[in-house]
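Encoded as structure tokens, the structure appears first; notes follow it.
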Amino acid sequence: MRYEVDFLIIGSGIAGLSYALKVAPYGKVCILTKADASEGSTKYAQGGIAAVMYDSDSFEKHIEDTLVAGDGISDREVVEMTIREAPERIAELVQYGVNFDREGDHFDLHREGGHSAFRILHHKDNTGAEIERGLLQAIHDHPNIELKEHQFAIDLITQHHLGQRVTKHTEGIECYGVYALDCRTQQIDTYLAKTTLLATGGMGNVYTTTTTPIISTGDGVAMVHRARGVVKDLEFVQFHPTSLYNPAEKPAFLITEALRGAGAVLKDAKGEEFMQKYDSRLSLAPRDIVARAIDNEMKRSGVDHLYLDARHIGRAALMNGFPTIYAKCLEIGINISKEMIPIRPAVHYQCGGIAVNKNGESTIRNLYAAGECSCTGLHGGNRLASNSLLEAVVYAHNAAQDAIARVGQLSICRQVPDWSSEGMVFNEEMVLITQTKKELQEIMANYVGIVRSDLRMQRALDRLNLIYRETEDLYQRSVLTEELSELRNLIACGYLITKQAMARRENRGLHYSIDLIGK
Ligand code: FAD
Ligand code: SIN
């Protein structure tokens, strides 16, 4: 089937949905999403969204905290713009029907690591689910928006599909839409669009242990890389210091940083505090520092988890402020008002991604990116807690304004051919895919994790090259499936993370190598 729209959106998390609501009055909008509409990292966000709301805080302090967390390489103009725009974007979310907790006529604000003030708007400890609910409701009420679930975007359509040779040096690469697999009929459809937005989220599943849902497979980044667009800063993989240690569970359940903001303290295997050895901000230091400290303590004492002690916060405050965490821990037999919570770091967020300018434009014409799949310059070497949801709404807004201004001058490219599966066979052996995915995740966890070295990264690259060749060979022969497409994307992302990590010859933010100590 062939479809034509003004605004094509890939992804139905906070970035895709908030962009859709903005562009909808100006043309036909289609959102493709590869799973159920609500599935994505947005739904699992706990802590909240950072914004300066009252005079007790200031833009300057939030800007400074963001720059410090970013370890000196955030783009200051981007940081200033994002943080100053925050109150307006929050007001829009509230207008769409999102409920943030209030105390009287004020928002109740939490504090998280790296923040010098209480500035995190939240809904209990399940803020993301509330945002996703509010936005989906607003989308369903809009007549111009079609939301199509279980549609897997495979590749961007560019001049390459018109038979032209496209390299990374080609000037003026254009995006005409995407090819997408209908996961229910297994047919591959052609979606032609005047403008396309990638809002495909993160890539946590490149690693073994991640807080991100199974849909986070780096599809947008891999598609842009294949289409010869620019992706950057992928070496900055953020590990959240405190995922619940419950090895059988995938994805790893998050223990929000807001719990440390409320007074919970990190402790070692003997139940003693240790953060004083690493940073004066103790358990509330930025994530890169806390995650490395935990990793070091675990390796030093040979244990596979440490603890977060929230007992002194008290049962009533825990049950009221953190009901999701309280219930989850109880479900696995831990009463957090009486026992310490076993925790370990887990891959949580990708600071890098598709390079975009302040309007959310990628290096490919008519292609925008917003949310976790993009790289705006806000996070630099390390993202400040709760700045991700904020970045997503700010850039969805900016991209929407740009697309609205330009869509009238753009046209649909109808010469694009349909996808051809001629000569392909069904690959009956799922084990080839599942085993390779496991291999990839282990390579990345063991060699390109919190602490890296030249030797480990080279070893990763050698092994990645092998599984890349095997998987490309399978891809050339097989009828395309969602699993195979995700595997290709994950391998591409693993490769890009490793190459970009090897190219960074300094310890900076989340990139830390034992060969670069002192550099
Ligand atoms: P997502 O919400 O991940 O949505 C991606 C969408 O793209 C999904 O709909 C998916 O199905 C779709 N998609 C992907 N690939 C394809 C494809 N090939 N074809 C079609 N559709 C596709 N950040 C904060 O600021 N504050 C927090 O408190 C916070 N807590 C978090 C807690 C957890 C457990 C996690 C995992 C992350 C948290 N983050 C938090 C990070 C934040 O939630 C995410 O960065 C943000 O929600 C990403 O939004 P998004 O719209 O970019 O992507
Ligand atoms: C958390 O709640 O700790 C996660 C916040 C974030 O990822 O920004």
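Each ligand, and each atom within it, is numbered from 1 in the order the structure gives. In this text the structure is predicted, and so the values were computed from the model without any measurement.
In the vicinity of Glu257, heavy-atom distances shorter than 4.0 Å reach the ligand 2 atoms 1 (C), 2 (O), 3 (O). Every atom of ligand 1 is numbered from 1 in the order shown, and the set under 4.0 Å from a heavy atom of Tyr349 is 45 (O). Those atoms of ligand 1 that come under 4.0 Å of a heavy atom in Ala15, given as number and element, are 51 (O). Taking every heavy atom of Arg383 and a limit of under 4.0 angstrom, the matching atoms of ligand 1 come to 23 (N), 24 (C), 25 (O). Of all atoms in ligand 1, numbered sequentially from 1 with element shown, those under 4.0 Å from a heavy atom of Leu32 are 20 (C), 21 (N). Of all the atoms in ligand 1, the ones that sit under 4.0 Å from a non-hydrogen atom of Asp219 are 15 (N), 16 (C), 17 (C), 18 (N). Per-residue contacts place Gly47 under 4.0 angstrom from the following atoms of ligand 2 (heavy atoms of the residue considered): 2 (O). The atoms of ligand 1 that sit less than 4.0 Å from any heavy atom of Gly13 are 2 (O), 4 (O), 9 (O), 51 (O). If you number the atoms of ligand 1 from 1 as listed, the ones under 4.0 Å from a heavy atom of Glu39 come out as 8 (C), 9 (O), 11 (O). Within the listing of ligand 1, atoms 5 (C), 7 (O), 14 (C), 15 (N), 16 (C) sit less than 4.0 angstrom from a heavy atom of Thr200.
Residue contact check for ligand 1: Thr212 places a non-hydrogen atom closer than 4.0 Å to it. Distances shorter than 4.0 angstrom occur between a heavy atom of Ser386 and an atom of ligand 1. Gly128 does not count as a contact of ligand 1, since none of its heavy atoms falls under 4.0 Å from the ligand. Close to ligand 2: Ala385, with a non-hydrogen atom less than 4.0 angstrom away.
Counting heavy atoms under 4.0 Å from ligand 2, residue His110 does not touch it at all. For Leu254, every heavy-atom contact with ligand 2 shorter than 4.0 Å involves the side chain, none the backbone. At a heavy-atom cutoff of 4.0 Å, ligand 1 is contacted by no atom of Ile154, backbone or side chain.
At a 3.5 angstrom cut-off on N or O pairs, Leu389 counts as close to ligand 1. Residue Ile14 has at least one nitrogen or oxygen atom sitting less than 3.5 Å from a nitrogen or oxygen atom of ligand 1, judged on distance alone. Any N or O atom pair closer than 3.5 Å counts here, and Ser388 shares at least one such pair with ligand 1. For a threshold of 3.5 Å applied to N or O pairs, the pair formed by Glu112 and ligand 1 contains no separation below that value. At a 3.5 angstrom cut-off on N or O pairs, Thr33 counts as close to ligand 1. In terms of polar-atom proximity, Ile215 is not counted as a contact of ligand 1, lacking any N or O under 3.5 Å from an N or O of the ligand. Residue contacts with ligand 1: Gly48 is placed with a nitrogen or oxygen under 3.5 Å of a nitrogen or oxygen of the ligand (distance criterion only). Checked by distance only, ligand 1 and Gly47 come closer than 3.5 Å through their nitrogen or oxygen atoms. Polar contact check, Tyr44 against ligand 1: no nitrogen or oxygen pair lies under 3.5 Å apart. Any N or O atom pair closer than 3.5 Å counts here, and Thr42 shares at least one such pair with ligand 1.
Taking only non-hydrogen atoms, the option from Lys43, Gln151, His348, Lys148 nearest to atom 39 (N) of ligand 1 is His348. Nearest-residue assignment for atom 6 (C) of ligand 1 (options Ala392, Cys373, Ala199, Gly40; heavy-atom criterion): Ala199. Distances from atom 52 (O) of ligand 1 to the heavy atoms of His122, Glu132, Glu372 show the closest one on Glu372.
Here the heavy atom of the protein found nearest to atom 5 (C) of ligand 2 is Arg287 NH2, 3.0 Å. The protein heavy atom nearest to atom 19 (N) of ligand 1 is Ala153 N, 2.9 Å. Of all protein heavy atoms, the one lying nearest to atom 53 (O) of ligand 1 is Gly201 CA, 3.3 Å. Atom 3 (O) of ligand 1 has Ser41 N, 2.9 Å as its closest protein atom, hydrogens excluded (heavy atom only). When only non-hydrogen protein atoms are considered, atom 22 (C) of ligand 1 lies nearest to Lys34 CG, 3.7 Å. Of the protein's non-hydrogen atoms, Thr256 OG1, 3.3 Å is the one closest to atom 1 (C) of ligand 2. The protein non-hydrogen atom at the shortest distance from atom 40 (C) of ligand 1 is Ala45 CB, 4.0 Å. In terms of protein heavy-atom proximity, atom 12 (C) of ligand 1 is closest to Gly11 CA, 3.5 Å. Looking only at heavy atoms of the protein, atom 7 (O) of ligand 2 is closest to His348 NE2, 2.7 Å.
Of all heavy-atom pairs spanning Glu149 and Ala35, the tightest one is CB-O, 3.5 Å. In plain terms, the two heavy atoms of Asn205 and Gln441 that are nearest each other are O-NE2, 2.9 Å. When all heavy atoms of Pro213 and Glu39 are compared, the closest pair comes out as CB-OE2, 3.4 Å.
Contact check for Val23 versus Asp6: no side-chain heavy atoms found under the 4.5 Å cut-off. A 4.5 Å side-chain heavy-atom check between Thr33 and Lys148 finds every atom pair outside the cut-off. When side chains are defined from C-beta on, Val52 does not count as touching Pro87, because their heavy atoms never get closer than 4.5 Å. At a threshold of 4.5 Å between non-hydrogen side-chain atoms, the residues Leu192 and Thr190 count as touching. Looking at heavy atoms from C-beta onward, Leu109 lies in side-chain contact with Leu121 at the 4.5 angstrom threshold. Counting heavy atoms from C-beta on, the side chains of Ile450 and Tyr512 never come closer than 4.5 Å.
Note on Arg184 versus Asp182: no salt bridge recorded, every NZ/NE/NH1/NH2 to OD/OE distance being 4.0 Å or above. Between Glu472 and Arg488 there is a salt bridge, since at least one side-chain N of the basic residue sits less than 4.0 Å from a carboxylate O of the acidic one.
The ring of Tyr307 has its center closer than 6.0 angstrom to the ring center of His305.
A perpendicular orientation is assigned to the rings of His240 and His348, their planes being inclined by more than 60° (bins at 30° and 60°). Ring pair His122/His110 is parallel by interplanar angle, where below 30° counts as parallel and above 60° as perpendicular.
Under the 6.0 Å distance and 45° angle rule, Lys328 counts as a cation-pi partner of Phe253. Figure legend: Lys358 and Tyr395 shown without cation-pi pairing, the cationic atom not lying both under 6.0 angstrom from the six-membered ring centre and within 45 degrees of its axis.
Side-chain atoms of Thr217 and Lys34 form a donor-acceptor pair, as typed in the model, at a separation below 3.5 Å. Under 3.5 Å, the side chains of Thr256 and Asp125 contain no donor-acceptor pair of N or O atoms.
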Audit row: Ile343, Leu244, side-chain contact (heavy atoms from CB on, under 4.5 Å) steps and yes/no: CA-CA 5 Å; Ile343 54 92; Leu244 179 64; 5.7 Å; no

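Among His379, Gln350, Arg383, the single residue meeting the side-chain hydrogen bond (donor to acceptor under 3.5 Å, both in side chains) criterion with Gln238 is Arg383.
A donor-acceptor pair under 3.5 Å is formed between the side chain of Thr200 and the backbone N or O of Gly220.
Atoms CG and CD, on Leu67 and Glu80 in that order, are 8.0 Å from each other to the nearest 0.5 Å.
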